[in-house]
Amino acid sequence: MTKLFSMMKYSATAIAVCGILLSAGCSEMQISNPFATPSTAAGNTYFGGFTDIPIPSELELVADRTLINTLPSGEQYGVLTAHGRIESNALYTFMIGKMQENGWTLTRTQQGKRSLQIYEKDGREAVIFFNRQTVTGVNLEIWVPGRPNPNIFPQSSYHYGSSDLSSSSYSDRRESSSVRKLAQ
C-alpha cells in the first residue's frame with residue numbers, strides 16, 4: 001500500500017511539472033488560448049499593406065502569407081492574410097461598413113462557414129475571403145488582382161472564345177486523343 005501511495009505521489013508531481021513546463025512553453029511561443037471567447041465587436045483598425053483596405057485590430061497580419069506590390073502609379077495589388085479571434089459574423093459586417101467608408105462598392109457576396117465579398121473601386125477589384133475555424137479563429141484573405149500587362153499578354157489571349165480553342169480542328173484533336181486513350 002505504501003508503495004502504491006509513493007508511486008501516485010511521484011506521478012502527480014511529474015504531471016504537475018509537465019503542466020507547468022507546457023504552459024510556460026506556450027506562453028513563450030505566444031499561442032493564444034483556443035478556448036477563449038472570440039471578440040464580437042471589431043473596434044480599431046489598421047492598414048496592413050493596402051492603403052485603402054482597413055483590417056480590424058483583433059486580427060494579426062500573417063507576414064509569410066502576404067505579398068503586396070505597388071506600381072509606379074501608386075496602384076497596389078497582391079494578397080493580404082490576417083488571422084485572429086473574432087466572431088465571423090461581426091467581422092463580415094465590419095468589413096462591409098469599413099470598405100464602404102473607404103470608397104469601395106460591394107458587388108457580390110456569399111456568407112457561410114466560408115464567406116466572400118467582392119468590391120469595386122476606381123476600376124480595381126478586391127476579393128475578401130473569410131474562413132471560419134472552429135477553435136483557432138478566423139482567417140481573412142484580401143486579394144486585389146493586378147491588371148494583365150498588355151506587352152506580355154495581348155488582349156486577345158485573355159478573353160474567352162479565343163479562336164484557337166473554339167476551332168473545330170482543336171475539338172477534333174481533343175476527341176481523337178480521348179478515343180486513343182479509351183482504346184488502349
Side-chain angles (χ1 to χ4, degrees), residues 23 25-162 165:
S23 66
C26 287
S27 67
E28 287 294 317
M29 295 186 324
Q30 298 178 349
I31 296 174
S32 64
N33 180 358
F35 302 107
T37 304
S39 173
T40 57
N44 296 327
T45 62
Y46 67 96
F47 292 90
F50 294 114
T51 57
D52 56 353
I53 300 178
I55 307 297
S57 59
E58 290 87 351
L59 298 182
E60 189 173 311
L61 192 67
V62 182
D64 64 340
R65 295 184 60 204
T66 297
L67 175 64
I68 299 173
N69 294 303
T70 304
L71 297 174
S73 66
E75 184 176 338
Q76 296 176 303
Y77 64 95
V79 61
L80 179 145
T81 305
H83 177 80
R85 304 254 329 136
I86 185 171
E87 203 276 318
S88 61
N89 289 332
L91 177 60
Y92 190 86
T93 304
F94 171 86
M95 290 304 293
I96 291 173
K98 290 297 181 179
M99 291 292 282
Q100 289 175 344
E101 283 178 19
N102 282 277
W104 292 90
T105 302
L106 181 64
T107 60
R108 303 228 185 331
T109 183
Q110 178 177 331
Q111 189 172 10
K113 184 176 179 184
R114 295 181 67 195
S115 300
L116 120 102
Q117 296 172 351
I118 301 174
Y119 294 89
E120 289 181 354
K121 176 183 177 181
D122 301 330
R124 297 170 50 217
E125 294 85 25
V127 181
I128 302 178
F129 294 98
F130 305 81
N131 188 7
R132 183 175 62 218
Q133 306 292 311
T134 54
V135 176
T136 60
V138 175
N139 286 331
L140 178 75
E141 285 188 354
I142 301 174
W143 289 79
V144 178
R147 290 185 177 73
N149 183 337
N151 297 325
I152 298 172
F153 301 105
Q155 188 172 3
S156 63
S157 69
Y158 59 88
H159 280 242
Y160 292 108
S162 171
L165 298 178

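Only this structure's heavy atoms are used, side chains among them; waters, hydrogens and symmetry mates stay out. Values in this document were obtained by computation on a predicted structure and should not be read as measured data. All residue numbers refer to positions in the sequence shown, counting from 1.
Put simply, the side chain of Tyr119 does not reach to within 4.5 Å of the side chain of Val144, judged on heavy atoms. At a threshold of 4.5 Å between non-hydrogen side-chain atoms, the residues Leu140 and Thr81 do not count as touching. Between Asn89 and Gln111 there is a side-chain heavy-atom pair separated by less than 4.5 Å. A 4.5 Å side-chain heavy-atom check between Phe130 and Gln117 finds at least one atom pair inside the cut-off. Residues Thr45 and Ser57 fail the side-chain proximity criterion, which asks for heavy atoms closer than 4.5 Å.
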Tell me, with the steps shown, if Asp52 and Arg124 meet side chain to side chain contact (heavy atoms under 4.5 Å, CB included). CA-CA 12 Å; Asp52 56 353; Arg124 297 170 50 217; 2.9 Å; yes
Between Ile55 and Leu80, is the side chain to side chain contact (heavy atoms under 4.5 Å, CB included) condition met? List the steps. CA-CA 10 Å; Ile55 307 297; Leu80 179 145; 3.7 Å; yes
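Between Leu59 and Gly84, the shortest heavy-atom distance links the atoms CD2-N, 3.4 Å. Among all heavy-atom pairs drawn from Met95 and Pro56, the shortest one is SD-CD, 4.2 Å.
Rounding to the nearest 0.5 Å places CZ of Arg108 at 6.5 Å from CD1 of Ile118. In this structure, CD1 in Ile68 is found 4.0 Å from CZ in Phe50, a value given to the nearest 0.5 Å. With rounding to the nearest 0.5 Å, the separation of CG in Leu91 from CZ in Arg85 is 13.0 Å. Considering CG of Leu106 and CD1 of Ile128, their distance stands at 9.0 Å, rounded to 0.5 Å.
Using a distance-only test at 3.5 Å, with no hydrogens or angles considered, a donor-acceptor pair links the side chain of Gln76 to the main chain of Gly49. Using a distance-only test at 3.5 Å, with no hydrogens or angles considered, no donor-acceptor pair links the side chain of His83 to the main chain of Val62. The backbone N or O of Gly112 lies less than 3.5 Å from a partner atom in the side chain of Ser115, making a donor-acceptor pair. Judged by distance alone, the side chain of Trp104 and the main-chain N or O of Ile53 form no donor-acceptor pair under 3.5 Å. Between the side chain of Lys98 and the backbone N or O of Thr93, no donor-acceptor pair lies under 3.5 Å.
Within the structure, side-chain hydrogen bond (donor to acceptor under 3.5 Å, both in side chains) pairs that include any residue of residues 63-74 comprise Arg65-Glu141 (at least two apart or interchain).
For Glu120, there are no salt bridge (Lys or Arg N to Asp or Glu O under 4.0 Å) partners at least two apart in sequence or on another chain.
Between the side chains of Glu75 and Tyr77, no donor-acceptor pair is found at a separation under 3.5 Å.
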